[in-house]
> 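Submitted below is the structure of interest, expressed as structure tokens.
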Amino acid sequence: MLRLPHSPALAILLLAGTALAAPGMPEPPPAGAGADLLALDAQARAGDAQAQLDLADAYGDIPLDRPTDVARASAWYRLAAAAPDADIRRRACAALGMLEAGGMGWPENVTAALPWYRCAAELGDTQSQFNLGLMYDEGVDVPADASQAVRWYRRAAEGGLVLALERLGALAERAHDRDAAAHLYGEAAAKGDVAAAQALARLKRGGPSPQVVGIGLAAQSQDPATVKPPPKPVPGQPHTPPAAVGADGLRLIQQRLRDLGYLHGPVDGRLGARTANAILAYEAAHPAVWDETAPPPDGWPSRDLLARLARR
């Protein structure tokens with residue numbers, strides 16, 4: 001799945017679809033954990049981002065016989081998503097997108113997956129670029145937008161993802177550009193895509209275009225016996241922005257994040273998990289130049305974040 005170096009700890013752990021969870025490090029390993037897992041946990045808690053990612057992978061790869069494993073994986077991925085290394089952030093963001101979209105047995109929440117996929121896509125993750133294209137292509141929790149679908153499919157295709165060429169061909173065919181569709185199908189077929197070869201043959205025969213059918217974003221199906229229920233909100237967590245930003249400032253942050261594609265929700269001046277998730281994903285993809293005293297990315301609507309977004 002993924003891998004990762006040194007990372008500042010996130011001050012706030014977000015779990016998709018809920019209010020802000022309590023700050024602090026992820027839960028310790030479960031009782032009976034092996035020596036290798038305990039050693040990796042110690043490295044991760046010492047700030048080693050590669051260890052944080054490896055530990056998240058370990059929890060994600062364990063058979064889901066303990067419902068807390070995916071919660072631990074999510075928590076460690078979120079810490080790794082704040083790593084200074086762009087490749088680590090990319091991998092962590094991509095994993096969080098997959099997890100929120102229903103991977104690893106976590107309940108599907110495509111809306112929460114979207115900002116993480118965008119974070120990874122902007123950092124060059126071809127699968128996340130494809131997933132974004134698919135979401136806009138098929139209107140998965142976002143309004144269908146062919147231009148956005150083309151944009152992300154093209155980036156995925158440029159990164160070597162052959163399936164993106166096939167989907168670009170399908171988009172061209174739906175736009176009645178048969179020459180462009182034939183070219184794209186042919187390019188994908190030459191790279192071994194059997195479905196593209198079949199589409200090209202159908203196109204040459206003059207057959208009708210097939211109906212668009214979704215192909216899904218989750219990495220694996222959900223097993224009802226292992227799906228962890230959404231965690232409950234933690235009492236006492238704030239739902240309003242700090243006074244230094246205020247509701248008007250938060251609305252500006254929300255609007256800019258909407259403009260950039262990170263937030264798909266209301267611009268209402270209220271701080272909830274959806275807004276905080278979008279802030280975290282934006283901060284992971286666009287880290288500020290921190291000095292030693294600056295706080296790590298935490299999903300919080302700070303004055304610094306407001307100033308950065310207002311300048312864009």
Side-chain angles (χ1 to χ4, degrees), residues 1-16 20-64 66 68-100 103-104 106 113 115-117 119-125 127-128 219 228 231 276-277 279-300 302 304:
M1 199 195 304
L2 318 170
R3 305 280 169 265
L4 304 192
H6 186 160
S7 140
L10 293 178
I12 297 176
L13 170 63
L14 300 175
L15 292 172
L20 294 179
M25 295 295 285
E27 293 181 26
D36 290 347
L37 191 69
L38 292 174
L40 195 58
D41 181 84
Q43 288 180 270
R45 290 177 191 278
D48 185 327
Q50 181 67 56
Q52 290 169 355
L53 189 60
D54 289 344
L55 188 59
D57 285 349
Y59 283 124
D61 289 340
I62 292 173
L64 299 174
R66 293 188 298 269
T68 54
D69 287 336
V70 180
R72 287 187 175 96
S74 175
W76 284 114
Y77 281 135
R78 290 170 190 272
L79 284 175
D85 183 275
D87 187 59
I88 292 177
R89 295 199 308 276
R90 175 185 63 79
R91 295 180 181 189
C93 287
L96 285 163
M98 182 191 70
L99 184 150
E100 296 292 6
M104 306 182 201
W106 193 262
W116 292 113
Y117 277 142
C119 167
E122 290 186 347
L123 291 167
D125 188 80
Q127 186 62 53
S128 296
K228 181 182 185 299
N277 256 335
I279 291 172
L280 254 183
Y282 172 82
E283 290 176 321
H286 304 277
V289 178
W290 306 101
D291 60 34
E292 293 183 355
T293 63
D298 58 7
W300 189 251
S302 65
D304 174 75

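When reading the values below, keep in mind they use all heavy atoms of this one structure, side chains included, and skip hydrogens, waters and symmetry mates.
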> Can you tell me how far the CG atom of Asp54 sits from the CG atom of Asp36, to the nearest 0.5 Å?
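Rounded to the nearest 0.5 Å, the CG-CG separation comes to 12.0 Å.
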
> Which heavy-atom pair separates Leu96 from Ala81 by the least distance, and what is that distance?
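In this case the closest contact between Leu96 and Ala81 is CD1-CB, 4.3 Å.
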
> Identify the two heavy atoms, one from Asp85 and one from Asp87, that lie closest to each other, and give their separation to 0.1 Å.
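In this case the closest contact between Asp85 and Asp87 is OD1-N, 2.9 Å.
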
> What pair of heavy atoms forms the shortest contact from Ala121 to Ser128, and how long is it?
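Where Ala121 meets Ser128 most closely, the heavy atoms are N-CB, 3.8 Å.
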
> Is the shortest side-chain heavy-atom distance between Met98 and Tyr117 below 4.5 Å?
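Yes; the side chains approach each other to less than 4.5 Å.
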
> Which pair of non-hydrogen atoms, one from Met25 and one from Trp76, has the smallest distance, and what is that distance?
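The answer is CE-CH2, 3.7 Å.
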
> Testing the basics here: between Ala120 and Cys93, what is the closest heavy-atom pair and its distance to 0.1 Å?
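That would be N-CB, 3.7 Å.
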
> Can a donor-acceptor pair be found, under 3.5 Å and without considering hydrogens, that links the side chain of Arg91 to the backbone of Tyr77?
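Not at all, since once roles are kept as given, no pair shorter than 3.5 Å links the two residues.
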
> Side-chain contact test, heavy atoms from C-beta onward, threshold under 4.5 Å: evaluate it for Leu37 versus Tyr59 and give yes or no.
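Result yes, sub-4.5 Å side-chain heavy-atom pair found.
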
> Pair up each side-chain donor or acceptor in residues 38-46 with any protein partner under 3.5 Å, not counting sequence neighbours, and list the distances.
residue : atom : partner : partner atom : Å
Asp41   : OD1  : Arg45   : NE           : 3.1
Asp41   : OD1  : Arg45   : NH2          : 3.4
Asp41   : OD2  : Arg45   : NE           : 2.7
Arg45   : NH1  : Pro26   : O            : 3.2
Arg45   : NH2  : Pro26   : O            : 3.0
Arg45   : NH2  : Glu27   : O            : 2.8

> Does the side chain of Trp116 come within less than 4.5 Å of Arg78's, by heavy atoms?
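The answer is yes; the side chains approach within 4.5 Å.
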
